[in-house]
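I have placed the structure first, in the form of structure tokens, so that the comments after it can refer back to it.
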Amino acid sequence: QVQVMESGGGSVQSGGSLRLSCVVSGFTYANYYMAWFRQAPGKEREGVASIDSEGTTKYADSVKGRFAISQDNAKKTLYLQMNNLKPDDTAVYYCAATPSSTVPILTLIEADFNYWGQGTQVTVSS
């Protein structure tokens, strides 16, 4: 059984930094995509950043140059380093994973991911 667990959320002031972590257990695929999504109040969930098993990354335009996705394969942990945070980054952040056999290319589309965590709140004040 695959389990996805995020941590690291919190409250920061505008311009601050946070690092989110996500541990994925029971996920034994050698080739995969993992990603971070977020959902702000009253808005749809959107893709933030994704990474494949070889380390190729993809970012939403809104976070390019500020956020960095990375992974520690030995620890089966996914990270999202968020710098220069803005109030618009306030949202619940979700970690997601899927075997790459189900999707042809690295993606930021919610429907492409099969396994999800419960989310962690990030609040950025001005």
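What you see is a predicted model; the values in this text were computed from it and never measured. Starting from 1, each residue takes its place in the sequence as its number. Hydrogens, waters and symmetry mates are skipped; everything else that's a heavy atom, side chains included, is used.
- Once rounded to the nearest 0.5 Å, the distance linking CE of Met82 with CZ of Phe67 reads 5.5 Å.
- Atom OG1 in Thr120 sits 14.0 Å away from atom CZ in Arg38 (nearest 0.5 Å).
- Residues that satisfy the side-chain contact (heavy atoms from CB on, under 4.5 Å) test with Asp88, not counting sequence neighbours, are absent from this structure.
- Under the 3.5 Å distance criterion, the side-chain polar atoms of Gln71 are matched with a main-chain donor or acceptor of Asp52.
- Contact record, Thr107 with Asp112: OG1-OD2, 2.8 Å, taken as the closest heavy-atom pair.
- Under the 4.5 Å side-chain heavy-atom criterion for grouping Ile, Leu, Val, Met, Phe, Trp and Tyr, Tyr33 is not connected to Ile109 through any hydrophobic cluster.
- Asn114 CG to Thr98 OG1: the interatomic distance, rounded to the nearest 0.5 Å, is 3.5 Å.
- One hydrophobic cluster, built from ILVMFWY side chains closer than 4.5 Å, cannot hold both Val63 and Val92; they sit in different ones.
- Rounded to the nearest 0.5 Å, atoms CD1 (Ile69) and CG (Leu78) are 4.5 Å apart.
- When every heavy atom of Val2 is checked against every heavy atom of Gly26, the shortest pair comes out as CG2-O, 3.4 Å.
- Ser62 contributes atom OG, which lies 7.5 Å from atom CG of Asp89 (distance to the nearest 0.5 angstrom).
- No side-chain donor-acceptor contact under 3.5 Å links Arg45 to the backbone of Gln39.
- Listed by first then second residue, pairs satisfying ring-ring contact (aromatic ring centres under 6.0 Å, His included) with a partner in residues 104-126 read Phe27-Tyr115, Phe37-Phe113, Phe37-Trp116, not counting sequence neighbours.
- Listed by first and then second residue, the side chain to side chain donor-acceptor pair (under 3.5 Å) pairs that reach into residues 5-15 come to none, sequence neighbours excluded.
- The CE atom of Met34 sits 11.5 Å away from atom OH of Tyr29, with the distance rounded to the nearest 0.5 Å.
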The test is side chain to side chain contact (heavy atoms under 4.5 Å, CB included); show your working for Met5 and Gln118 and say whether it passes.
CA-CA 7 Å; Met5 180 68 72; Gln118 295 299 308; over 6 Å; no
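- Applying the side-chain hydrogen bond (donor to acceptor under 3.5 Å, both in side chains) criterion to Asn31, with sequence neighbours excluded, gives no partner residue.
- Smallest separation of non-hydrogen atoms from Gly47 and Ala60: O-CB, 3.4 Å.
- For residues 33-86, no pair satisfies disulfide bond (SG atoms under 2.5 Å apart), with sequence neighbours left out.
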Exercise answer: donor-acceptor pairs, residues 16-24 side-chain atoms, under 3.5 Å, sequence neighbours excluded:
{"residue": "Ser17", "atom": "OG", "partner": "Asn83", "partner atom": "OD1", "Å": "3.0"}

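- In the hydrophobic cluster analysis, where Ile, Leu, Val, Met, Phe, Trp and Tyr join through side-chain heavy atoms closer than 4.5 angstrom, Leu80 is grouped together with Val12.
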Check: Yes or no on side chain to side chain contact (heavy atoms under 4.5 Å, CB included) for Val48 and Tyr59, after CA distance, side-chain angles and deciding distance?
Finding: CA-CA 6 Å; Val48 174; Tyr59 293 93; 5.9 Å; no
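- Hydrophobic clustering (side-chain heavy atoms under 4.5 Å, transitive across Ile, Leu, Val, Met, Phe, Trp, Tyr) keeps Leu106 apart from Leu108.
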